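In this text the structure is predicted, and so the values were computed from the model without any measurement. Residue numbers start at 1 and run along the sequence shown.
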Amino acid sequence: MTAPLLGQSLGVALLLQPPRVQAIGAPEVAVKEVQLQGIDREQLRLLVVLKLDNSNPVPIPLSTIQFLARIEERELAKGQTTESLRLPALGSADASFRVLIPLRAIPGAIDRGLVALFGEGLRYDIEGTAELGGLFRIPFRKNGRFTRTQLLAAIRS
């Protein structure tokens, strides 16, 4: 292949390749506040405010976020954002969640928590979906284990 033809072939190949898009990273999340909203015969209602930090160079519009939290494979809580928000580029915003905890789940969670203090920790699993701008639903899942040390530190604070 001659040099001009090689150059043309490379140029066409570069034009036909899709542009490289930088992946959007997940926002960092921290608990800012927890408020007891009410309690009845069936459930405990909380308002949980999370601080979301966006390290991406683009804003992230969040229509809703829904989640289900489990401790040791047993459902503990369900939550959903109370309003949509726009997470600014390279900035932060607060997201408020309505969290419902069935009263029947609390004794089991306490029992599992006590066992975890003397065992290998407490397994948790959080799964849900984040809806971006009303157009895309992105599933997420986080699981892990709270160690005995972490549980003791949380009790002391």
Neighbour count above 12 (heavy atom, 6.0 Å) for Glu73 CD: no

Cluster link Leu36 to Val34, ILVMFWY, side chain under 4.5 Å: yes

Verdict with supporting geometry, Val99 and Phe67, side chain to side chain contact (heavy atoms under 4.5 Å, CB included): CA-CA 9 Å; Val99 177; Phe67 71 88; 4.1 Å; yes

Spacing of Gln37 atom CD and Arg45 atom CZ [to the nearest 0.5 Å]: 8.0 Å

Donor-acceptor pair, side chain of Asp53 and main chain of Glu28, under 3.5 angstrom: no

Joint hydrophobic cluster, Leu100 plus Leu68, side-chain heavy atoms closer than 4.5 Å: no

same_hphob_cluster(Leu76, Val29) at 4.5 Å side-chain heavy-atom cutoff: yes

Distance (rounded to the nearest 0.5 Å) between Leu50 CG and Lys32 NZ: 10.5 Å

Closest non-hydrogen atom pair, Pro88 against Asn54: O-ND2, 3.1 Å

Check: Thr129 main-chain N/O paired with Gln66 side-chain donor or acceptor under 3.5 Å: no

Closest contact, heavy atoms only, Leu90 versus Ser55: CD2-O, 3.4 Å

Salt bridge flag under 4.0 Å for residues Arg70 and Glu75: no

Results of ring-ring contact (aromatic ring centres under 6.0 Å, His included) for Phe146 - residues two or more places apart only: Tyr124

Neighbour count above 12 (heavy atom, 6.0 Å) for Phe140 CZ: yes

Partners passing salt bridge (Lys or Arg N to Asp or Glu O under 4.0 Å) against Glu83 (at least two apart in sequence or in another chain): none

Step-by-step side chain to side chain contact (heavy atoms under 4.5 Å, CB included) determination, Leu52 to Asp94: CA-CA 6 Å; Leu52 305 173; Asp94 292 345; over 6 Å; no

Within one Ile-Leu-Val-Met-Phe-Trp-Tyr cluster: Leu46 and Val31, side-chain cutoff 4.5 Å: yes

Close side-chain approach of Leu44 to Leu103, heavy-atom, < 4.5 Å: yes

Distance, nearest 0.5 Å, that separates CZ of Arg141 from CG of Asp125: 4.0 Å

Approximate separation, where rounding is to 0.5 Å, of Thr81 OG1 and Ile65 CD1: 5.5 Å

Listed partners of Pro59 passing side chain to side chain contact (heavy atoms under 4.5 Å, CB included), at least two apart: Arg86, Ala89

Gap between atom CD of Glu42 and atom CZ of Arg104 - 0.5 Å precision: 8.5 Å

Heavy-atom closest pair, residues Ala69 and Ile126: CB-CG1, 4.2 Å

Check: Ile60 main-chain N/O paired with Asn56 side-chain donor or acceptor under 3.5 Å: no

Non-hydrogen atoms of Ala77 and Ile101 that approach each other most closely: CB-CG1, 3.8 Å

Separation of Gln43 CD from Lys78 NZ (nearest 0.5 Å): 9.5 Å

